[in-house]
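What follows is a set of notes on a single structure, which appears directly below.
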Amino acid sequence: MIKKTLIYFLVLFVLYNAVIYLWKPDISTGQSQNQGNIVSAENYIFNAKGKDIVIVGSSLAFRMKQDYLPNNYYNLAFGGNSIYDGLEIIKRSGNIPKIILIETNILMRPANAGFVNGLFAPGLSEAKKGLPGMREAYQPVNLLIGSLQHLMAKNKTTTAAAKPDSALYDTVLHRYRREYSHVPDLDTIDSRIETLKAYTEYFRGLGIQVVLFEMPVDCSLENSARTRYLHKKLEFEFPDKIYPRILSPDCTKFTFNDGEHLSATSAMDYSDYLAKQVGLIGK
Amino acid sequence: MLFNSFPFIFLLLITFGLYYLPLLKRFQVHILVAASFAFYSWYEPILLLLLLFSITINAYTSYQVYYGPPERRKFNATLGVVINLASLAFFKYSPLFSRMIFSPENSVGSFLLHIPLPIGISFFTFHGISMLVDLYRGKNIKTDTEFIPKLFTQHWLYTSLYIAFFPQLVAGPITKSYNFLPQIGGKSIANINWESAFKHLIMGYFLKMVIADNIKDQTFWIAYPFFEAQTSWTLIAMLFGYSIQIFADFAGYSLIALGLAELFGYVLPVNFNFPYISASFSEFWTRWHISLSSWLREYLYFSLGGNKKGKVRTYINLMLVMFLGGLWHGAAWSYAVWGSFHGLALAVERFFNDKFGTRTSPIWMSFHRIKVFVFVTFAWLLFKLPNFSQAVLYLHDMFTHWHTGAPSPAISMNILLYAAPVVLYHLYYLYKEMSGRQLPKSLHPVLYAFLLLAIFINSGSAGEFIYFQF
């Protein structure tokens, strides 16, 4: 029974990998936020060709879908994770871009070592490189959902913007306001800035242009104690001459799902804005 | 160390290789004990001291119970049990006592609050108690063999293996000493039940890595304040998903433990027997975490008098045992309330059965199965949200968010997709029981090949086993 099982398994496994290798389905999302992050990271690790501008950030920058950005951009922002994870992935993957855009809104969130180590687990990482069927994006469930999404997108004639629930919006915004009204622990800020500096200096050493940028948030959050403090701190620690900064544009021009995360249309607008600003750097 | 981590696979291969090396046959128990200590101390080596303390106390007191002066047997057994319970209380319940008695600023309170919870303590202390009580009672112990080795050092070694055997060390199954100790001895690779071990391992890893680890990312949102943004439908789906997840996680772990133990020639007790087809609460507890419920029945419920002291006392005993069983899971009142809910359900069920008898028509049985599943599922909420106010808020949102919140059909769809194998697994068992028919044996290799394929190509991100925290 064991021998037969293993033979059947091997046949199925080889077949599955062959199908994926030949088909190369375009899957960029996962079944959950966590898996979506892994899919995005693996897509970058295993296929970053032509992506010479990479965005790292939190769920705020994650709103800029790959489709909204120019072809040479790769969005390595992760919902629930931090900029340090994106930076570490670029470093370990060896895929060196020309420009790295670092979102500065969520600096306090620490690195998720488990997430990054999982991506580069010895043995498994090599196996995923050679056997695409083992990659997160190509899980049968993802293929099924991906196909359904393609089908639904084909049949969709209009894209109605989802209207956020106003009561919920207010509740969440109120919570954000409370959070933003405090300056985070100063030792933690210093420690995070040190970490960020180590990365930026490392990448600059490789000849990569590092750009800091800020995602727009609800105007009441933009004028908060936390935002003001972080602006000053970043100005001091990362001089404009070395690290160009793209500040948040007029917040009144954007709409949000919860005060912090851009709505789909605003995410498109901001993606355009960001790409234009990046184009102006050095000119 | 996680069963699905590379360090564990490495440890397993090394241990297996050394264990069956003819040259080292005399040291098989030593090898397993050393591997178990390495397994336990992987993340926090300091905790090995506690494990060694527990082993030594249990070895010494049990040796005294068996070979010591007869008039001191009760004293030695009591001493061992008290030390086991005291160490469990100190390490597991100090934070709870601290919160009840001291203010957060109090230095003693702060000290108690920060005592680390050693992984697996609830399991290995129960092993120790089982050994002491079994030896004291003398029940189920073969007197024609040397149940406890005469040489104390050898007894210490055997106790170490019984308490620390790595497949069962951190999350059970809780093995009774009279089942495990007689199994200790020389093992041969020729005697391994490969097919059984293989099936247990594949099914266990499938349940854990494909079902539980994937659903985990969907039920992640059962956390405050995230769940507040969900609709009633999503909240219902997530609670159902958690019910499936906790089963797949723990049953998966238990099956892996069974398979691993078989590789070393040991048979551990079956811990899950299709619990979600239970048509009564008492049946549920003969199918869910069987090793714990049978431990509680044997060492606690019977000690309290069981059902031999009248109806009212029986109801009280049921409530008390389940209350303590709940508290065994975690140092929070929510676990005690969870246990009490189950105790109350058992007592009420018993009362109605005593009064009106049981109905066994297919329709009634189906109704009871759904009733038990729904009750059990709602009760799991206290595992996921040990904070009462959050659990109540979740229920409130579940019944009021029909038109509020952001619809997340993907969450519900993924949960249904991953829950389907577990539902089918239970339905197939039910069908097998009712019709007496089963899948032809020739199809087993195909089925297990697909399960293995799913492990390789559709596993979720590795997550800790839920029961590790207990």
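We name chains A, B, ... by the order of the sequence lines, and we start the count at 1 in each one. Remember, predicted model here, so these are calculated numbers, not experimental data.
Neither the backbone nor the side chain of A/Phe115 comes within less than 4.5 Å of any heavy atom of chain B. Contact of A/Leu131 with chain B is not made at all, since no heavy-atom distance falls under 4.5 Å. Looking at B/Leu453, both its backbone and its side chain come within 4.5 Å of chain A, counting heavy atoms on both sides. With a 4.5 Å cut-off on non-hydrogen atoms, B/Ala410 does not touch chain A at all. A/Ile7 does not touch chain B: none of its heavy atoms, backbone or side chain, sits under 4.5 Å away. Both the backbone and the side chain of A/Ile2 come within contact range of chain B, each with at least one heavy atom under 4.5 Å from a heavy atom of that chain.
Residue-environment remark: CZ (B/Phe10) stays at or below the threshold of 12 foreign heavy atoms within 6.0 Å. Heavy-atom neighbours of A/Lys65 NZ from other residues, nucleotides or ligands within 6.0 Å: above the threshold of 12. Within a 6.0 Å radius of NZ in A/Lys24, other residues, nucleotides and ligands contribute more than 12 heavy atoms. At most 12 non-hydrogen atoms from other residues, nucleotides or ligands lie less than 6.0 angstrom from OH of A/Tyr21.
For A/Thr29, the side-chain contact (heavy atoms from CB on, under 4.5 Å) criterion is met by A/Gln149, not counting sequence neighbours. With sequence neighbours left out, A/Arg226 forms a side-chain hydrogen bond (donor to acceptor under 3.5 Å, both in side chains) with A/Tyr180.
Applying a 4.5 Å heavy-atom cutoff, the residues of residues 442-451 of chain B that approach chain A are B/His444, B/Pro445, B/Val446, B/Tyr448, B/Ala449, B/Phe450. Heavy-atom proximity under 4.5 angstrom to chain A picks out B/Trp194, B/Glu195, B/Phe198, B/Lys199 from residues 190-200 of chain B.
Between A/Gln35 atom CD and B/Asp213 atom CG the span is 11.5 Å, to the nearest 0.5 Å. In this structure, A/Asn142 CG and B/Asn458 CG are separated by 7.5 Å, a value rounded to the nearest 0.5 Å. Separation of atoms CD1 (B/Ile411) and OG (A/Ser32) is listed at 9.5 Å; rounding is to 0.5 Å.
Two residues are said to be in side-chain contact when any heavy atoms from C-beta on lie closer than 4.5 Å; B/Asp217 and A/Gln33 fail this criterion. Residues A/Phe13 and B/Leu452 have side chains not in contact (no heavy-atom distance under 4.5 Å, counting atoms from C-beta outward).
Here the closest non-hydrogen pair linking A/Gln139 and B/Asn214 is OE1-OD1, 4.3 Å.
In this structure a side-chain-to-backbone donor-acceptor pair under 3.5 Å is present from B/Gln218 to A/Gln31.
Across A/Lys3, A/Lys4, A/Met134, A/Met1, the residue that shares the most heavy-atom pairs under 4.5 angstrom with chain B is A/Met1. Each of A/Leu144, A/Asn17, A/Ile38, A/Leu12 has some count of heavy-atom pairs under 4.5 Å with chain B, and the biggest count is that of A/Leu12.
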Begin with the C-alpha distance, continue with both residues' side-chain angles, and end with the deciding distance and a verdict on side-chain contact (heavy atoms from CB on, under 4.5 Å) for A/Arg135 and B/Ile457. CA-CA 7 Å; A/Arg135 289 181 204 163; B/Ile457 64 171; over 6 Å; no
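The aromatic rings of B/Phe456 and A/Phe9 sit tilted, their planes meeting at an angle between 30° and 60°.
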